[in-house]
Amino acid sequence: MARRTSSHHDPRHRDAEAKLGDAPRIERYNSPKTKHTDENAPIVFSAALFVGAFLVVCGAGLALTGGIDIWIICTAIAVAVLAIFTVRIAPEWEKVVILRFGNYSRTVGPGIYLTIPFLDHIALRADQRVMLTGFGAEETLTADLVPINVDAAVFWIVWDAKKACLEVEDYYDSVAMAAQTALRDAIGRKDVADVAMRRVQLDEELRRAIEEKTSAWGVSILFVEIRDIVIPKDLQQSMAAEAKAERERDARVVLAEVEKDIAAMLLEATELYRQDEMAFKLRQMHLVNESMKDSKSSLVVPTAYADGFTDLGEK
């Protein structure tokens with residue numbers, strides 16, 4: 001029997017998985033478009049409402065006619081179905097946009113709300129919690145023609161469910177596309193050094209640019225954060241060498257300035273010693289004293305220093 005080889009043992013498959021796993025995908029952190037938080041609550045509520053309405057109608061029919069026939073059961077089912085299409089609930093964080101005959105009727109929620117069966121239509125359930133959308137720009141050229149990869153995240157909230165329903169087809173994907181476009185435009189206007197060193201200014205610029213587009217959709221941008229900036233490795237080496245050269249240049253400039261200050265101080269001291277010979281003699285004695293203070297060895301004093309001591313003693 002021929003033995004099948006698993007695709008997991010294929011080197012090409014493993015390499016592809018490794019590349020896919022190593023690739024930074026900010027989109028994996030996106031808030032889901034379809035909510036799963038307590039998704040069974042409306043179903044449980046509708047089921048309980050159906051059973052309750054059915055039992056109430058059957059009880060009323062039993063009380064009025066003294067029995068239950070097929071007409072009472074059919075009526076109870078019809079009333080129960082109408083009840084679940086009339087009485088609905090919305091979570092605390094949700095706003096519901098309702099259309100009537102295709103026209104905007106009202107925005108309701110959270111809590112219990114009523115709709116007219118077959119006339120009212122739920123057009124949108126807008127989640128009004130803070131949403132997260134990750135976006136990025138791959139191989140985007142900066143103003144100095146450097147290709148870089150940038151990952152960012154935008155935090156936003158729907159403040160007007162009516163506009164989010166009527167002004168844009170899909171506000172969730174529209175926010176992601178507007179954010180990505182704004183990021184590419186901002187990168188194209190800046191040098192790579194500005195992108196790497198001025199993230200705070202870039203975050204605020206992106207927030208304003210995205211807000212300008214999304215405010216008409218009832219979406220408010222809270223803040224934008226640059227998550228990662230990837231610069232080509234060869235360019236990183238060049239930038240590191242340039243930064244090192246600049247630091248060495250700055251160090252040499254500082255050293256030259258210090259030497260200049262020292263030379264000026266020595267020149268001033270020379271003028272003082274030239275005007276006052278006694279001060280120069282005292283300076284000689286001070287230097288000798290400092291050299292012998294912490295040393296236990298013998299010191300041979302040159303003739304010039306000895307003559308200086310003799311002259312100083314005679315004076």
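Under the 4.5 Å side-chain criterion, counting only non-hydrogen atoms from C-beta, V150 is not in contact with T140. Taking the side chain as every heavy atom from C-beta outward, F54 and V79 never approach each other to under 4.5 Å. Within the 4.5 Å cutoff, the side chain of Y172 has no heavy atoms near those of the V158 side chain. Annotation: side chain of K163 is in contact with side chain of W159 (closest heavy-atom distance under 4.5 Å).
Using a 4.5 Å cut-off between side-chain heavy atoms of Ile, Leu, Val, Met, Phe, Trp and Tyr, I116 falls into a hydrophobic cluster with F101, L119. F118 belongs to a hydrophobic cluster whose other members, connected by ILVMFWY side-chain contacts under 4.5 Å either directly or through intermediates, are L82.
Scanning for side chain to side chain contact (heavy atoms under 4.5 Å, CB included) contacts around V195 gives I148, K190, L202, I229, with sequence neighbours left out.
To the nearest 0.5 Å, the span separating CG on D127 from CE on M131 amounts to 5.0 Å. Interatomic distance, CG of D151 versus CD of E225, reported as 13.0 Å (0.5 Å rounding).
Side-chain contact check for S174 and W217: no donor-acceptor pair (N or O, by modelled atom type) lies under 3.5 Å.
Note on R208 versus E204: salt bridge recorded, some NZ/NE/NH1/NH2 to OD/OE distance being below 4.0 Å.
Surrounding CD of E139 are more than 12 heavy atoms belonging to other residues, nucleotides or ligands, all under 6.0 Å away.
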